[in-house]
Amino acid sequence: MFSDKLELYFPGSLPIEEYMKQTSQQLKIHGFSEQNTLGVAATCRDEIAEPLLDEIIKYWGKTFDLRSLGGFFIAGKTGISTVLSHTPVVDSIGRFVLYAMPHIAISEEGEIGNVYRDGIQGISHACGSLSGVIHELASGHIHFQSDIDDLEQSIVRQKIISAIHYGEVPNLLDITILACKIITGDIKRLLDLVDYSAYNYAFFTGILIHGPKDTHWVHSNNSYVVTNNFPTGSKLDLQTN
């Protein structure tokens with residue numbers, strides 16, 4: 001069953017509404033508000049991941065969209081630089097909040113990756129980008145070169161292959177957890193270059209989980225804020241179920 005698998009693989013996950021409520025409340029203590037903060041979404045492009053984008057807009061207003069296949073942070077240094085140039089400056093400080101995470105589905109029967117999409121007959125899967133990499137690994141035919149007509153998936157493939165052992169074929173659960181780890185490391189490395197004296201920011205990573213009956217959950221991985229008072233970052237503690 002869904003609830004059993006959710007607790008087994010993603011203990012402490014929060015309904016998406018509660019997760020966003022808590023991140024907003026935690027950041028208000030550090031001076032972040034909808035009026036002075038730019039929301040940034042770096043999740044998967046998948047339409048079933050839009051509830052997270054909707055929640056970011058709900059709490060932070062106009063939101064900078066950096067979504068990509070699999071939720072990987074493909075925008076790189078230019079993406080971060082553009083976020084900074086679009087960040088509102090209030091009282092001489094710019095503030096932005098970035099949410100970055102891959103996603104996975106768990107069906108009502110507890111099947112990992114299975115999801116039903118509106119208008120599509122039969123079972124669909126999430127995440128399709130990561131599933132594609134699994135199928136390539138299982139086939140033994142890996143496209144190592146970048147495909148100019150498929151650049152995002154090429155980057156997803158390269159990042160995953162660079163993080164696993166030769167011959168390893170992870171399942172969807174393991175590859176999603178690995179993707180979260182890669183995404184967290186990539187963005188943290190880029191955000192470490194930001195001048196905290198000019199910009200205060202918060203960074204949230206985890207895994208977005210799609211459950212039955214259009215429910216959505218977040219398993220938190222990394223939650224921290226960088227401000228003038230906490231230049232090396234302060235971990236934010238979310239209260240789990």
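Residue numbers run from 1 in the order of the sequence given.
Interatomic distance, I160 CD1 to E136 CD, rounded to the nearest 0.5 Å: 12.0 Å. Note that OH of Y59 is 7.5 Å distant from OG1 of T23, once rounded to the nearest 0.5 Å. Note that the CZ atom of F72 and the CD atom of Q158 stand 11.5 Å from one another [nearest 0.5 Å]. Atom CG of residue D149 and atom OG of residue S146 lie 12.0 Å apart, to the nearest 0.5 angstrom. Between atom NZ of residue K5 and atom CD of residue E111 there is a gap of 8.0 Å, rounded to the nearest 0.5 Å. For the atom pair CD1 (I48) and NE2 (H210), the distance works out to 3.5 Å, reported to the nearest 0.5 Å.
In the hydrophobic cluster analysis, where Ile, Leu, Val, Met, Phe, Trp and Tyr join through side-chain heavy atoms closer than 4.5 angstrom, I134 is grouped together with I106. Note on F2 and V115: separate hydrophobic clusters, where clusters join Ile, Leu, Val, Met, Phe, Trp and Tyr whose side-chain heavy atoms are under 4.5 Å apart, directly or indirectly. Hydrophobic clustering of Ile, Leu, Val, Met, Phe, Trp and Tyr side chains at less than 4.5 Å, counting indirect connections, unites W217 with I177. Taken together through direct or relayed side-chain contacts under 4.5 Å among Ile, Leu, Val, Met, Phe, Trp and Tyr, V133 and I112 form part of one hydrophobic cluster. In the hydrophobic cluster analysis, where Ile, Leu, Val, Met, Phe, Trp and Tyr join through side-chain heavy atoms closer than 4.5 angstrom, Y196 is grouped together with L191.
Within a 6.0 Å sphere centred on NZ of K188, heavy atoms belonging to other residues, nucleotides or ligands number 12 at most. Around NZ of K62, the count of heavy atoms belonging to other residues, nucleotides or ligands within 6.0 Å does not exceed 12. Crowding of E109 atom CD: a count of heavy atoms from other residues, nucleotides or ligands under 6.0 Å exceeding 12. I148 CD1: 12 or fewer foreign heavy atoms inside a 6.0 Å radius.
A side-chain donor-acceptor contact under 3.5 Å links S154 to the backbone of D147. The main-chain N or O of K21 is never found under 3.5 Å from a side-chain atom of S24 such that the two would form a donor-acceptor pair. Panel note: side chain N36, backbone G31; a donor-acceptor pair is recorded below 3.5 Å. Between the side chain of E152 and the main chain of S68, no donor-acceptor pair closer than 3.5 Å is present. T63 contributes a side-chain N or O that, together with a main-chain N or O of G61, makes up a donor-acceptor pair within less than 3.5 Å. Panel note: side chain Q25, backbone Q22; no donor-acceptor pair is recorded below 3.5 Å. S131 contributes a side-chain N or O that, together with a main-chain N or O of C127, makes up a donor-acceptor pair within less than 3.5 Å. D46 contributes no side-chain N or O that, together with a main-chain N or O of A49, makes up a donor-acceptor pair within less than 3.5 Å.
Using a 4.5 Å heavy-atom threshold, the side chains of K235 and D237 count as touching. Between I93 and Y199 there is no side-chain heavy-atom pair separated by less than 4.5 Å. No side-chain heavy atom of R67 sits less than 4.5 Å from a side-chain heavy atom of C44. A heavy-atom distance below 4.5 Å is found between the side chains of E108 and K213. Taking the side chain as every heavy atom from C-beta outward, I209 and S13 approach each other to under 4.5 Å. Side-chain contact check for N200 versus N228: some heavy-atom pair is nearer than 4.5 Å.
When all heavy atoms of S223 and L238 are compared, the closest pair comes out as OG-CD1, 3.9 Å. For the residue pair L137 and P170, the shortest heavy atom distance occurs at CD1-CD, 3.8 Å. Between K159 and I182, the shortest heavy-atom distance links the atoms O-CD1, 3.6 Å. When all heavy atoms of I104 and L172 are compared, the pair lying nearest together is CD1-O, 4.0 Å. Of all heavy-atom pairs between A126 and H103, the closest is CB-CE1, 3.9 Å. Summarising the geometry of K58 relative to E34, their closest heavy-atom pair is O-OE1, 4.2 Å, with the distance given to 0.1 Å.
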* Can you check side-chain contact (heavy atoms from CB on, under 4.5 Å) on Y19 and S220, steps first, answer last? -> CA-CA 9 Å; Y19 174 80; S220 180; 4.2 Å; yes
* To do: Please test C180 against M101 for side-chain contact (heavy atoms from CB on, under 4.5 Å), starting from the C-alpha separation and ending with a verdict.
  => CA-CA 6 Å; C180 180; M101 57 189 73; 5.8 Å; no
* Please lay out, stage by stage, how Y99 and V40 fare under the test side-chain contact (heavy atoms from CB on, under 4.5 Å). => CA-CA 6 Å; Y99 296 84; V40 183; over 6 Å; no
* Could you check L27 against L236 for side-chain contact (heavy atoms from CB on, under 4.5 Å), going step by step and ending with a plain yes or no? => CA-CA 9 Å; L27 290 180; L236 299 174; 3.7 Å; yes
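Screening I175, L178, L69 for a side chain to side chain contact (heavy atoms under 4.5 Å, CB included) with L130, the sole residue that qualifies is I175. None of V97, T184, N221 except one satisfies the side chain to side chain contact (heavy atoms under 4.5 Å, CB included) rule with F204; the exception is V97.
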Donor-acceptor pairs are to be reported for all side-chain atoms of residues 84-91 against protein atoms at under 3.5 Å, with residues two or more places apart or in another chain.
from, atom 1, to, atom 2, distance (Å)
S85, OG, T82, O, 2.8
T87, OG1, V83, O, 2.7

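Side-chain polar atoms of N229 and T227 form no donor-acceptor pair below 3.5 angstrom.
Using a 30° and 60° split on the angle between ring planes, F203 and Y224 fall in the perpendicular class, above 60°.
Scanning for ring-ring contact (aromatic ring centres under 6.0 Å, His included) contacts around Y201 gives F96, with sequence neighbours left out.
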